[in-house]
Amino acid sequence: MTCGSFCSCLLQRRVCRHDDLMTAVETLVELVLSGRFCDTTVSCREKDGNITRVPMSKLLLAAVGVELGKTNETLQLSMPADAFKMILVKSFGLESRVLDADLEAALAAWQRDMQKHSDRLFRHASGPARQARPLVLWTALTLAVGGIYAWAPAFQYKMFNNGFFMDDAMIARNPNVIESLDWNRLLRTDYWGLDMFAGTWTHKSFRPLTVVTFRWNFLLHGFESSGFHATNLLLHFICSSMLVFFGIRCGLPADWSCLLGALFLIHPVHTESVLYIVGRADLICLALVIMSFLLHKETTSGKLWLSFVGVLLSSGFLLAAGLCKETGFCFFGLLVGWDILVLTLRCQSRLLLRMCLVLLVGISLCAARVWYTSGTTIERMDPFSNPVAAEKDRVVRFLSYALVHGIYGKLLVWPSFLCYDYSFDAVPLVRSLSDCRLLLPVSCYLGFALLTTQSLQLLRRCVHTHDHAVPVVGIAILILSFFPMSNVLFPVGTMVAERLLYIPSAGFLIAVVGLARHRENHTACILVLVVAGLVLTLLTAQRVVEWSSPEAITVADAAKQLRSTRVQYNLATHHLSNKRYDEAFSSFETVMALDPTDRDCMPLYHAGQIQIYRGNHKAAEELLARAVEGHFSPLLVNEEEVFHDYGLALWFAEKPKDAILNFEKSLSINGTFSKGFNNLGCALGLGALLGRLPQEALVQGIQQLQEAVQLSSDNVLYWRNLVALLRFAGRPEAEVAWKQLLTLDASNAANPPEDCSWEFAFR
């Protein structure tokens, strides 16, 4: 007889034969001592509103006593007295080394109350749990259907929809994606396609496996299709389904596991990870982490060879996860933590050896990952992405990072406000303890402490079943994924990013659902989850629509994130790309007002470009002079472009020498900058012809234009300018250049060049 059948017997049939009862009690003792039985607490509500709680083992023994008491028979057990004493000790929650007098007192109290326990608790024990099961399942199914409906429009979204959105543009520029796959190049470049070992700017995000999936998408359907979004959506559905399987394999009932997967599916904070294509790294990483943990868990109790094969395979999955997102390497701690938990139940040398092997493999792979990029540097990290890291006051940094933790906690619990960017100055730094915003991190820390405490209490209540370990596993996933992005060990490249919560949210939901599963008032917990789930579904549906295109998300978030320089900057560039120059200039002015120190060159640069286009050269010169002193982000604009346009503004402001210096500066930054050679040649040639520069400058100008046509031999503009200067200088090479120009474009025969033309374009 198993413990389950024994419980069923006592809860459904009140009368058992004497032999059956003896066998059942012996089986119960054997199960408890072997660690395969959880002493579940049974509760019922009295008429006065009070709740009575009794351990199941105590209830079972009480039932045995009641039935035997009716026959006045003595219960004879074929087991040592110490074994029976152990079951009584566990039943009454006493310490393992209990005095005989204390045990006798506990038994006396039990004998007085056993009839009351039996009559009251058998009447109510199975009611709430059985009534809750259909409600849990229907809740999970309802939320899952709502989640699919909320995400459905995204299957039609295209990655290139009148432009790429922010970092997604780097996918389109990544040579590993758009060119034939070169494994040597793939292993040398970061997530954005920049060489990590060439001494140039790099983000050090080494995620080659995720980049390979982008390459597959590009080969299958290109950028102007919905394939990139459909892939991310399918990965999100796979992660949600894997959480269902995770819950079942960890001991959660199937209905509660489905609820876990449904809540993960509908959480609004996931919209950025799924619909911002670069967020795919987190999706693949989570799927591989779950696979690794389940494989590791399932091979814990197998044969020795199977256990070690499981270690190698689970480590392989984590290595792949780490090559999709750096966070994956942290989850060797999850495997080690699980082995430690198992060792607390049964200390075996095989398990200890297995844990040491996991630890050795994990440390080795993490060290190899750090070593591989140790020769690279993150130069000129954007201070706007994480302004806290640029703050010199240590106390301000500490308080501001605490606020960031509170914001992350709020996004997990109640994501009512979502935005793709929280950089400067969306979250003003905390400069005083009197700042009321500190209540948010305090609440977050207290809530996390409560969640952790309850998870550990549940584990302590019965460490022998995996069901009770589920919340602790969730807490471990939350900590291991959140700690690297918490700015505690090192500053990260962003202030707050919703996509970073994809993996932590899985741990958070695992812990919450695992604890709710063991709450005594199931109905109330489920109703709370139903209401929260429906609200989250509506928020997800609304947010999915806002991510429908770069224009939609830019306009939507600019309307609510008024203090973020990057959000307002993106709105300005959106107006600029649509040739709404007045609106664009107004938005750039808003950004500059938010940044009075002119740390970011980008709004100054684009505002200066607009002034060049308008012909306000003096204003353009002032703006671009400030721009060249600001911070450059290579992901947004090449540094040489800013110096080049500053030189152009100086030329039109009749400062030819200063203009030439800045043209030369742009070429010193990028020696293959053909536009720089063209405009430098025009400045030198026209300067000589207009008398602003010495006559030898004309020869230098011709040389610069010859460099330009060598770099871009099919550029008609460069050839026209070269022909014009050669004719001004009376050089015989003019006819050769003229023939080459006509070869490229015969229409020039009717319009021969008589002046140099400047090259200028909005970037």
Side-chain angles (χ1 to χ4, degrees), residues 158-161 163-225 227-229 231-232 235 272-273 275-285 320-328 369 372-382 385 420 492-494 497 499-500 550 566 570 573 602 631-642 669-674 711 763:
K158 295 182 179 181
M159 182 176 178
F160 182 82
N161 189 353
F164 296 97
F165 182 69
M166 289 186 64
D167 291 345
D168 285 350
M170 296 306 299
I171 298 176
R173 301 177 192 172
N174 194 330
N176 296 307
V177 176
I178 61 178
E179 300 175 8
S180 59
L181 192 58
D182 183 339
W183 289 99
N184 290 329
R185 180 179 60 196
L186 179 67
L187 297 177
R188 288 186 57 86
T189 52
D190 63 13
Y191 196 38
W192 317 114
L194 304 174
D195 196 320
M196 297 185 295
F197 305 99
T200 56
W201 189 93
T202 175
H203 206 278
K204 296 184 71 172
S205 299
F206 183 59
R207 306 168 188 174
L209 296 187
T210 306
V211 173
V212 170
T213 67
F214 295 148
R215 172 64 181 169
W216 292 342
N217 273 124
F218 179 74
L219 286 176
L220 288 173
H221 45 68
F223 292 122
E224 297 186 8
S225 73
F228 281 89
H229 283 87
T231 302
N232 276 21
L235 285 171
E272 181 174 321
S273 298
L275 302 179
Y276 196 14
I277 303 302
V278 294
R280 181 180 299 180
D282 297 271
L283 279 66
I284 305 177
C285 182
L323 294 178
C324 291
K325 179 71 181 289
E326 296 79 4
T327 310
R369 169 62 180 86
Y372 187 70
T373 57
S374 60
T376 65
T377 57
I378 304 179
E379 297 180 357
R380 303 189 70 176
M381 174 63 74
D382 182 3
S385 296
Y420 67 82
V492 297
T494 183
R499 63 184 178 277
L500 299 182
R566 184 160 295 165
N570 287 341
T573 56
M602 296 308 299
H631 175 82
F632 298 90
S633 175
L635 299 179
L636 298 177
V637 66
N638 293 325
E639 191 172 1
E640 64 268 18
E641 294 280 359
V642 184
I669 297 172
N670 181 2
T672 61
F673 188 36
S674 59
L711 290 169
R763 308 302 298 177

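None of the values given here were measured: they were computed from a predicted structure. No hydrogens, no waters, no symmetry mates; every other heavy atom, side chains included, goes into these values.
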Trainee: Could you give the distance from NE2 (His229) to CE (Met159), rounded to the nearest 0.5 Å?
Mentor: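 Answer for the NE2-CE pair, His229 versus Met159, is 8.0 Å.
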
Trainee: Compute the centroid of each ring, for Tyr372 and then for Phe197, and state whether the two points are separated by less than 6.0 Å.
Mentor: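 Ring centroids of Tyr372 and Phe197 are less than 6.0 Å from each other.
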
Trainee: Parallel, tilted or perpendicular, judged at 30° and 60°: which one describes the rings of Phe218 and Phe223?
Mentor: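 It falls in the tilted class, 30° to 60°.
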
Trainee: Which atom pair, heavy atoms only, marks the closest approach of Leu711 to Gly671?
Mentor: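 Closest heavy-atom pair between Leu711 and Gly671: CD1-O, 4.4 Å.
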
Trainee: If you measure from CZ on Phe673 to CD on Glu639, what distance do you get to the nearest 0.5 Å?
Mentor: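 One gets 11.5 Å once the value is rounded to the nearest 0.5 Å.
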
Trainee: What are the two closest heavy atoms between Asn232 and Leu283, and how far apart are they?
Mentor: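 It is O-CD2, 3.1 Å.
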
Trainee: Nearest 0.5 Å, please: how far is CD1 in Ile669 from CG in Asn638?
Mentor: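 The CD1 atom of Ile669 is 9.5 Å from CG of Asn638, to the nearest 0.5 Å.
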
Trainee: Starting at CD1 of Ile277, measure out to CZ of Phe228 and round the result to the nearest 0.5 Å.
Mentor: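 These two atoms lie 7.5 Å from each other.
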
Trainee: Ignoring hydrogens and geometry beyond distance, is a side-chain donor-acceptor pair present between Asn176 and Arg215 at under 3.5 Å?
Mentor: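 Per modelled atom types, Asn176 and Arg215 side chains form no pair under 3.5 Å.
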
Trainee: Say whether, by atom type as modelled, one donor and one acceptor occur between the side chain of Tyr191 and the main chain of Met170 under 3.5 angstrom.
Mentor: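 Here the side-chain-to-backbone pair does not exist.
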
Trainee: First locate atom CZ of Phe206, then atom CZ of Arg369, and finally report the distance between them rounded to the nearest 0.5 Å.
Mentor: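 Spacing of CZ (Phe206) from CZ (Arg369) equals 7.0 Å.
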
Trainee: Looking only at heavy atoms, which two atoms of Ala281 and Cys324 are closest? And how far apart?
Mentor: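 Smallest interatomic distance, heavy atoms only, reads CB-O, 3.1 Å.
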
Trainee: So, for Gly222 and Ser225, which heavy atoms are closest and what is the spacing to 0.1 Å?
Mentor: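 So the two residues come closest at O-OG, 3.6 Å.
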
Trainee: Which heavy atom of Ala321 sits nearest a heavy atom of Cys285, and at what distance?
Mentor: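 Minimum heavy-atom contact is O-SG, 3.8 Å.
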
Trainee: Taking Arg280 for its side chain and Thr231 for its backbone only, find out whether a donor-acceptor pair lies under 3.5 Å.
Mentor: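 Looks like no, no N/O pair under 3.5 Å.
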
Trainee: Will you find, in the side chains of Thr672 and Asn670, an N or O donor that is under 3.5 Å from an N or O acceptor?
Mentor: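 Present: a donor and an acceptor within the cut-off.
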
Trainee: With heavy-atom distances below 4.5 Å as the criterion, would you say the side chains of Lys325 and Leu500 are in contact?
Mentor: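 Result yes, sub-4.5 Å side-chain heavy-atom pair found.
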
Trainee: Quick one: pull up CG in Leu187 and CE in Met196 and give me the separation to the nearest 0.5 Å.
Mentor: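 Interatomic distance, Leu187 CG to Met196 CE, rounded to 0.5 Å: 8.0 Å.
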
Trainee: Of the non-hydrogen atoms in Ala172 and Ile178, which two are nearest, and what is the gap between them?
Mentor: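 Taking Ala172 first and Ile178 second, the nearest heavy atoms are O-CG2, 3.3 Å.
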
